[in-house]
Number of protein chains: 2
Amino acid sequence: MTETAVGSTAVENAAAQSKSQQAYAAVKARIVEGAYTPGYRLVLAKIAEDLGFSVVPVREAIRRLEAEGLVKFERNVGATVSGIDPTEYLYTMQTLSIVEGAATALSAPLIDSVSIARARAVNEEMRECLEHFDPVRFTALNQDFHSVLFEHCPNPHILDLVHRGWNRLASIRSSTFRFVPGRAQESVREHEALLQLIESGADADTIEKAARQHRASTLDAYLAQAKQ
Amino acid sequence: MTETAVGSTAVENAAAQSKSQQAYAAVKARIVEGAYTPGYRLVLAKIAEDLGFSVVPVREAIRRLEAEGLVKFERNVGATVSGIDPTEYLYTMQTLSIVEGAATALSAPLIDSVSIARARAVNEEMRECLEHFDPVRFTALNQDFHSVLFEHCPNPHILDLVHRGWNRLASIRSSTFRFVPGRAQESVREHEALLQLIESGADADTIEKAARQHRASTLDAYLAQAKQ
DNA sequence: GTCATAGTTATCGTATACGATTTCGTACTT
DNA sequence: AAGTACGAAATCGTATACGATAACTATGAC
């Protein structure tokens, strides 16, 4: 756990990968880790040289990242790590609130008490992170928390959408969007409340609303701050 | 309206497109129109020859289609139009019900009476299609109906997810999944009910549930039939 | 007759090469 | 001094080429 890049295709374990896949994983990792920040110019020839192979597989990798929204690829101009745009952030968060809400509701009936306990442990760690002020770890743990809940999610498509959203948010990590004061504490509290709802066997609709609101609240906190 | 391939990037108007984009549009169109049916083997060299250019842009196009789920691309084996799998159908429909539900709820407050009237007209055409038994046109009109409702959707990301779902369904059009007896009539009725909800200014949650159920019912009808 | 194995063919994956386009810098004009 | 026009450098887009891999076919053994 606590990996950086999220998604089924992120790191296929073997060495028997195509260079195209390797390039995809490498560039994606750099974006998600923050080595390539938004606006960063992705020069194909340079990346190819860095990785030690030609531009063709790199192009394919970039195209794939483009399809996932992590990269903007403009004809005859080049590729850049995509956007800080507040509007884009709003879109992403709103979409995430919907797909996370659905994923949580669909997963809830399938979560056993062991998973609940693990999720609770992760949430405790998050609480500790707050004291030591470790936002990077906090974010990673936050993904872990929800990943535990989604472990038995019956719909991989929805899970994939969640992961895409997370990666997209990760790509803009160091920007102004994250970490509204006080929001993190609230987030930990909401996690606990969500766990109790799941434990109590609350109906799907209630759980979905709670999970959705959990994400939406972070967005609201940002919007409220941005307004000032 | 009543286009075949749906999505923002489907048909960039000019001739000044990259061959990669042309290839993408061409192959996508063939899939969505049903010329390439599921399982169809996409031989890169052959497609390249058909279109009159080399394999490199075709590969990029295929990669993009892969990212959208329309194509399965296996290393050293090749690309095929992706799947009829009932499970896949279930995933897609379930995901669609969620994103369409959200898109409808988000759009509802922004829909004016003119759009409502247009949607209603489309729905009337659908009713007529039922009498002449024109399922292809019915499906196209169905997309038109919802497209009218989504015209002012404030979140393009969600709209994009809707379009991807539609394209995915279109790619399996001629299979056993569509057109459960009686479902089409019900669908037309549900459209009218949905319009009345929107007109009456019902709250977001009610509209979302109705829109979600509209898609879910089609899935349920299929599942019930498949069980027999 | 069926299975295993070797050889052939088809197709993929990637490198290299080069024309096309954009961008940047410099010199020239007003 | 500011703006424009030209030229050079950087970078992209695509074609071609070829080694690598998998699928297919045919031949032989049991």
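Convention: sequence-line order gives letters A, B, ...; per-chain numbering from 1.
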K.L.:
In whole Å, I'd like the distance from the CD atom of A:Gln17 to the C1' atom of C:dG13.
P.N.:
14 Å
K.L.:
Rounded to the nearest angstrom, tell me the gap between atom NZ in A:Lys46 and atom P in D:dT11.
P.N.:
9 Å
K.L.:
Output yes when at least one side-chain N/O atom of B:Arg75 is less than 4.0 Å from OP1 or OP2 of C:dG13, else no.
P.N.:
no
K.L.:
Please tell me which of the listed nucleotides, C:dG13, D:dA23, C:dA15, lies nearest to the side chain of B:Val77?
P.N.:
D:dA23
K.L.:
Measure from the side chain of A:Ser18, starting at C-beta and using heavy atoms only, and say which of D:dA15, C:dG13, C:dC12 lies closest.
P.N.:
C:dG13
K.L.:
Regarding A:Val43, tell me which of base, sugar-phosphate or nothing describes its non-hydrogen contacts under 4.0 Å with the strands shown.
P.N.:
sugar-phosphate
K.L.:
Just checking B:Leu42: base, sugar-phosphate only, or nothing, at a heavy-atom cut-off of under 4.0 Å?
P.N.:
sugar-phosphate
K.L.:
Which nucleotide in the set D:dG13, C:dG13, C:dT14 lies at the smallest distance from any side-chain heavy atom of B:Asn76?
P.N.:
C:dG13
K.L.:
Using only heavy-atom distances, determine whether the side chains of B:Thr218 and B:Arg183 contain a donor-acceptor pair under 3.5 Å.
P.N.:
yes
K.L.:
Roughly, in whole Å, what's the span from CD in A:Glu60 to C1' in C:dA15?
P.N.:
13 Å
K.L.:
Using the benzene-type ring in the case of Trp, are the ring centres of A:His146 and A:His163 under 6.0 Å apart?
P.N.:
no
K.L.:
Do the side-chain N or O atoms of B:Arg59 get closer than 4.0 angstrom to the phosphate oxygens (OP1, OP2) of C:dC12?
P.N.:
no
K.L.:
If you check the A:Val55 side chain, which of D:dA22, C:dT11, C:dT16 turns out closest?
P.N.:
C:dT16
K.L.:
Consider the side chain of A:Ser54, meaning its heavy atoms from C-beta on, and name the nucleotide among C:dA15, C:dC12, D:dT14 that approaches it most closely.
P.N.:
C:dA15
K.L.:
State, without any angle test, whether A:Thr139 and A:Asn142 hold a side-chain donor-acceptor pair at a distance under 3.5 Å.
P.N.:
no
K.L.:
If I take atom CD1 in residue A:Ile62 and atom P in nucleotide D:dG13, what distance separates them, rounded to the nearest angstrom?
P.N.:
11 Å
K.L.:
Side chain of B:Val56: nearest nucleotide among D:dA15, C:dC12, D:dG13?
P.N.:
D:dA15
K.L.:
Measure from the side chain of B:Lys19, starting at C-beta and using heavy atoms only, and say which of C:dC12, D:dT14, D:dG13 lies closest.
P.N.:
D:dT14
K.L.:
Find the distance A:Glu49:CD to C:dT16:C1' and express it as a whole number of Å.
P.N.:
15 Å
K.L.:
Separation of A:Glu74 atom CD from C:dT22 atom P, in whole Å?
P.N.:
10 Å
K.L.:
Indicate whether any N or O donor in one side chain lies under 3.5 Å from an N or O acceptor in the other, for B:Ser18 and B:Gln21.
P.N.:
yes
K.L.:
When you check the side-chain N and O atoms of B:Arg63 and A:Ser20, is any donor under 3.5 Å from an acceptor?
P.N.:
yes
K.L.:
Whole Å only: how far is the CG atom of B:Leu44 from the C1' atom of D:dA22?
P.N.:
14 Å
K.L.:
How close or far is atom C1' of D:dT14 from atom OH of B:Tyr24, stated in whole angstroms?
P.N.:
20 Å
K.L.:
If you only use heavy atoms from C-beta on, which nucleotide in D:dC12, C:dG13, D:dT14 is closest to the side chain of A:Arg41?
P.N.:
D:dC12
